2 protein chains.
Amino acid sequence: MKKLPRKIITRVLLYIRTLEGLLKEKRYLVSSKQLADITGLSDVKIRKDISNFKKVGRPRIGYKTVDLKRTLENYLLQNNKLHLVIFGAGNLGSAILKYPGFHRSKVKLVAAFDASKAKIGKMINGVRIYPVERAPEIIKRRHADIGIIAVPKERCQEVADYMVLSGLHGIVNFAPCSISVPAKVQVRNMDFTIEFLSLFCDIQK
Amino acid sequence: MKKLPRKIITRVLLYIRTLEGLLKEKRYLVSSKQLADITGLSDVKIRKDISNFKKVGRPRIGYKTVDLKRTLENYLLQNNKLHLVIFGAGNLGSAILKYPGFHRSKVKLVAAFDASKAKIGKMINGVRIYPVERAPEIIKRRHADIGIIAVPKERCQEVADYMVLSGLHGIVNFAPCSISVPAKVQVRNMDFTIEFLSLFCDIQK
DNA sequence: TTTCAATCGTTCCAAATTTCACAATTGAAA
DNA sequence: TTTCAATTGTGAAATTTGGAACGATTGAAA
Ligand SMILES: NC(=O)c1ccc[n+]([C@@H]2O[C@H](COP(=O)([O-])OP(=O)(O)OC[C@H]3O[C@@H](n4cnc5c(N)ncnc54)[C@H](O)[C@@H]3O)[C@@H](O)[C@H]2O)c1
Ligand SMILES: NC(=O)c1ccc[n+]([C@@H]2O[C@H](COP(=O)([O-])OP(=O)(O)OC[C@H]3O[C@@H](n4cnc5c(N)ncnc54)[C@H](O)[C@@H]3O)[C@@H](O)[C@H]2O)c1
């Protein structure tokens with residue numbers, strides 16, 4: 001199947017999350033209109049997104065929750081599980097390490113790396129904190145795909161370089177700074193301040 | 001001036017952050033090409049974004065860092081400071097409360113609210129944790145604009161309702177669930193899992 | 001002084017995305 | 001059985017976004 005644009009992928013992941021919620025409430029049928037009400041997106045857009053995959057809806061009825069979820073997951077994730085590592089086990093890094101949301105889902109945090117002697121060797125929520133030097137070895141052994149940056153921004157670029165060197169192909173950067181990486185490596189920046197201020201601009205009259 | 005699309009606003013906030021970094025390094029002149037190299041965006045797009053505001057660049061020279069930063073900030077933030085509150089001072093909420101990045105910038109976290117008796121009354125990084133019931137009063141008194149949701153997703157909708165009732169006009173939701181609010185209230189969802197998985201999909205061959 | 005290379009700002013065009021309109025399907029109700 | 005309303009899936013139109021091209025400007029070098 002052709003590669004989908006990131007925007008659609010992100011929305012489809014939202015549909016999957018929403019379908020999981022509906023399943024928990026034992027709602028076994030759902031229409032694009034209902035998904036639209038929950039997610040705040042338009043029903044046409046949702047149907048168009050879904051139509052990128054095989055036909056799974058029935059007119060007048062809607063979608064079977066389980067089937068739609070499975071279809072979307074199959075195309076997007078192909079039963080692969082995402083193995084994450086994190087650099088920096090400080091305030092934010094520890095919060096992420098303690099986050100239970102990953103454990104039942106398609107994401108697993110497999111190792112943490114920190115520069116502070118005081119933290120190395122500790123476990124947080126079953127995940128060990130290693131010295132940074134062991135990153136290449138552990139990332140290869142645990143087949144980690146993506147690394148999270150949660151170190152001070154002054155260390156950001158050097159850590160990014162080391163992540164690339166260690167074989168990661170994707171980086172999620174929580175530090176408020178830009179990093180430079182080879183083209184083969186994808187970066188997502190999550191700057192809370194920018195998000196907050198962007199919303200602030202929106203609500204200013 | 002006409003209201004800019006969110007995408008442009010977000011990029012301009014990134015330019016502002018970048019310009020601050022350049023100023024710290026005493027780089028008082030910068031070209032769109034250099035900004036492009038740092039941010040990973042195209043120079044044309046950057047010039048176009050900037051041209052939404054008054055002319056401030058000089059051909060052959062580039063932009064004066066200070067002037068460009070001031071121009072962008074004036075249009076976007078008009079010297080207003082964003083006052084934030086947070087609901088939920090657990091793992092993630094505490095990390096955000098401890099985040100020093102806000103203090104020297106245009107964002108100030110003014111209060112936290114939590115349902116746990118054990119946490120109420122404590123201070124984190126100079127910010128007091130209040131019982132949820134005091135939110136309407138404190139939000140009004142402190143002129144808070146935006147509220148952060150950092151409570152378990154089961155409490156998410158009720159907390160959102162209460163935030164709206166308390167007079168907030170913007171919500172940043174870190175819980176992995178959708179919320180329903182009146183049209184006048186803007187919501188930004190930050191679901192880490194979706195971000196991680198979306199990147200994962202991108203890097204899968 | 002003249003030429004030149006760097007850079008901005010803008011116009012025009014292409015690509016991507018969203019919305020609109022509607023045919024097709026389907027189970028239920030008349 | 002026929003009609004009907006709800007819903008999917010999709011082609012076409014509209015809108016938004018990004019990129020290419022290029023003239024205008026400017027300081028520096030010849
Ligand atoms: N705390 C938040 O809520 C928050 C919010 C938004 C962004 N951020 C960003 O996330 C990053 C981390 O924030 P924090 O509050 O957790 O900071 P922190 O100081 O609490 O933690 C930083 C951790 O990184 C470790 N570290 C330093 N250099 C390292 C290196 N070279 N390799 C590996 N580990 C290293 C430190 O030992 C420390 O444990 C910062 O860039 C911050 O701007 C944090
Ligand atoms: N920890 C993370 O890194 C992380 C990452 C992504 C998303 N999240 C999401 O952020 C939210 C918080 O995560 P966490 O790890 O901090 O959880 P947590 O359990 O550590 O903290 C939740 C806090 O919310 C408080 N709370 C509960 N009900 C409340 C209410 N009605 N009003 C006010 N406060 C209330 C609790 O007392 C607790 O202090 C969750 O929805 C989680 O899914 C967390």
Side-chain angles (χ1 to χ4, degrees), chain A residues 1-15 18-19 22 27-72 75 183 186 198 201-202, chain B residues 1-16 18-19 22 27-72 75 183 198 201-202:
Chain A
M1 200 193 60
K2 73 165 192 291
K3 204 162 172 337
L4 294 174
R6 170 185 310 178
K7 261 186 164 174
I8 296 185
I9 289 180
T10 304
R11 285 199 300 263
V12 171
L13 289 164
L14 174 61
Y15 307 152
T18 306
L19 293 167
L22 290 170
R27 291 174 60 183
Y28 299 119
L29 281 177
V30 66
S31 70
S32 59
K33 184 64 175 54
Q34 293 170 327
L35 286 173
D37 287 343
I38 298 173
T39 60
L41 304 170
S42 91
D43 56 341
V44 186
K45 208 193 299 190
I46 292 175
R47 285 200 300 280
K48 263 234 170 88
D49 286 343
I50 292 174
S51 76
N52 285 291
F53 313 99
K54 74 162 183 271
K55 282 185 199 172
V56 63
R58 282 164 55 190
R60 169 84 213 204
I61 306 300
Y63 303 90
K64 286 178 86 166
T65 315
V66 186
D67 291 353
L68 180 54
K69 173 169 175 284
R70 184 170 38 226
T71 300
L72 302 180
Y75 276 90
Q186 295 271 321
S198 140
C201 294
D202 267 14
Chain B
M1 201 193 60
K2 73 164 193 291
K3 206 163 171 336
L4 295 175
R6 173 182 311 178
K7 261 188 167 175
I8 296 186
I9 289 181
T10 304
R11 285 198 301 263
V12 171
L13 289 165
L14 174 61
Y15 307 151
I16 295 175
T18 307
L19 293 167
L22 290 170
R27 290 173 61 182
Y28 299 120
L29 282 177
V30 66
S31 70
S32 58
K33 183 64 175 51
Q34 292 170 329
L35 287 173
D37 287 342
I38 298 173
T39 60
L41 304 169
S42 91
D43 56 341
V44 186
K45 208 194 304 190
I46 292 176
R47 285 201 300 280
K48 222 177 217 170
D49 286 343
I50 292 175
S51 75
N52 285 290
F53 314 99
K54 74 161 181 273
K55 283 184 200 172
V56 65
R58 282 165 54 191
R60 168 87 215 203
I61 307 298
Y63 303 91
K64 285 178 84 168
T65 315
V66 186
D67 291 353
L68 180 54
K69 172 167 174 286
R70 186 171 36 226
T71 301
L72 301 181
Y75 276 88
S198 138
C201 293
D202 267 15

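Below, chains carry the letters A, B, ... as their sequence lines are ordered, and counting in each starts from 1. The model shown is predicted, which means the values in this text are computed figures rather than measured ones.
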*Taking NZ from B:Lys64 and P from D:dT26, how many angstroms apart are they, rounded to a whole number?*
15 Å
*Report which part of the nucleic acid A:Arg6 touches: base, sugar-phosphate, or nothing (heavy-atom distance under 4.0 Å, all strands).*
nothing
_I'd like to know if B:Arg47 and B:Asp43 make a salt bridge, using a cut-off of under 4.0 Å between side-chain N and carboxylate O._
yes
*Any idea which heavy atoms bring B:Ser42 and B:Ala36 closest together, and the distance?*
C-CB, 4.0 Å
*asked:* With nearest nucleotide decided by heavy atoms, which residue, B:Val30 or A:Pro59, maps closer to the 5′ end of DNA chain C?
replied: B:Val30
*Compare side-chain N and O positions of A:Arg11 against OP1 and OP2 of C:dT18 and report whether any pair is under 4.0 Å apart.*
yes
_C:dA30 pairs with, by Watson-Crick or G-U criteria that keep both distances under 3.5 Å_ = D:dT1
_On DNA chain C, compare the nucleotides closest to B:Gln34 and B:Ser51; which residue's is nearer the 5' end?_
B:Gln34
*asked:* What I'd like to find out is whether the side chain of A:Leu35 reaches to under 4.5 Å of the side chain of A:Leu19, using heavy atoms alone.
replied: yes
*Relative to the 5' end of DNA chain D, which residue comes earlier, A:Ser31 or B:Val44, by the nucleotide with the nearest heavy atom?*
A:Ser31
*Hey, does the side chain of B:Lys55 come within less than 4.0 Å of C:dG9's phosphate (OP1/OP2), counting only N and O?*
no
*Separation of D:dT8 P from A:Leu35 CG (nearest whole Å)*: 9 Å
*Classify the nucleic acid contact of B:Arg58 as base, sugar-phosphate or nothing, counting any heavy atom under 4.0 Å across all strands shown.*
sugar-phosphate
_Applying side chain to side chain contact (heavy atoms under 4.5 Å, CB included) to B:Leu41 and B:Asp49, what does each step give before you reach the verdict?_
CA-CA 11 Å; B:Leu41 304 169; B:Asp49 286 343; 5.7 Å; no
*Of A:Lys7 and A:Val56, whose closest DNA chain D nucleotide lies nearer the 5' terminus?*
A:Val56
_Using whole Å, what does the distance between atom P of nucleotide C:dT17 and atom CG of A:Leu4 come to?_
10 Å
_If I take atom CD1 in residue A:Ile61 and atom C1' in nucleotide D:dG9, what distance separates them, rounded to the nearest angstrom?_
15 Å
*asked:* In this structure, how many angstroms lie between the C1' atom of C:dC8 and the CG atom of B:Leu29, rounded?
replied: 14 Å
*Report yes if a side-chain nitrogen or oxygen of A:Ser32 is closer than 4.0 Å to either non-bridging phosphate oxygen (OP1 or OP2) of D:dT8; otherwise report no.*
yes
_Nearest atoms (heavy-atom pairs only) where A:Val56 meets A:Asp67_ = CG2-CB, 4.0 Å
*Using modelled atom types only, decide if a donor and an acceptor are shared between the side chain of B:Thr65 and the backbone of B:Arg27 within a distance under 3.5 Å.*
yes
_Nearest whole Å is fine: how far is C:dC8 C1' from B:Lys54 NZ?_
16 Å
_If the cut-off is 4.0 Å, is A:Arg47 near the phosphate of D:dG9, judged by side-chain N/O to OP1 or OP2?_
no
*Could you state the CG-C1' distance from B:Asp49 to D:dG18, rounded to the nearest angstrom?*
10 Å
*Which part of the nucleic acid, if any, lies within reach of A:Lys48 when heavy atoms closer than 4.0 Å are counted: base, sugar-phosphate only, or nothing?*
base
*What is the distance, rounded to the nearest whole Å, between atom NZ of B:Lys45 and atom C1' of C:dA16?*
12 Å
*Does a side-chain N or O from B:Tyr63 land closer than 4.0 Å to OP1 or OP2 of C:dG9, or not?*
yes
*asked:* Is it the case that the base of D:dA28 and the side chain of B:Arg60 share a donor-acceptor contact (distance under 3.5 Å, atom types as modelled)?
replied: no
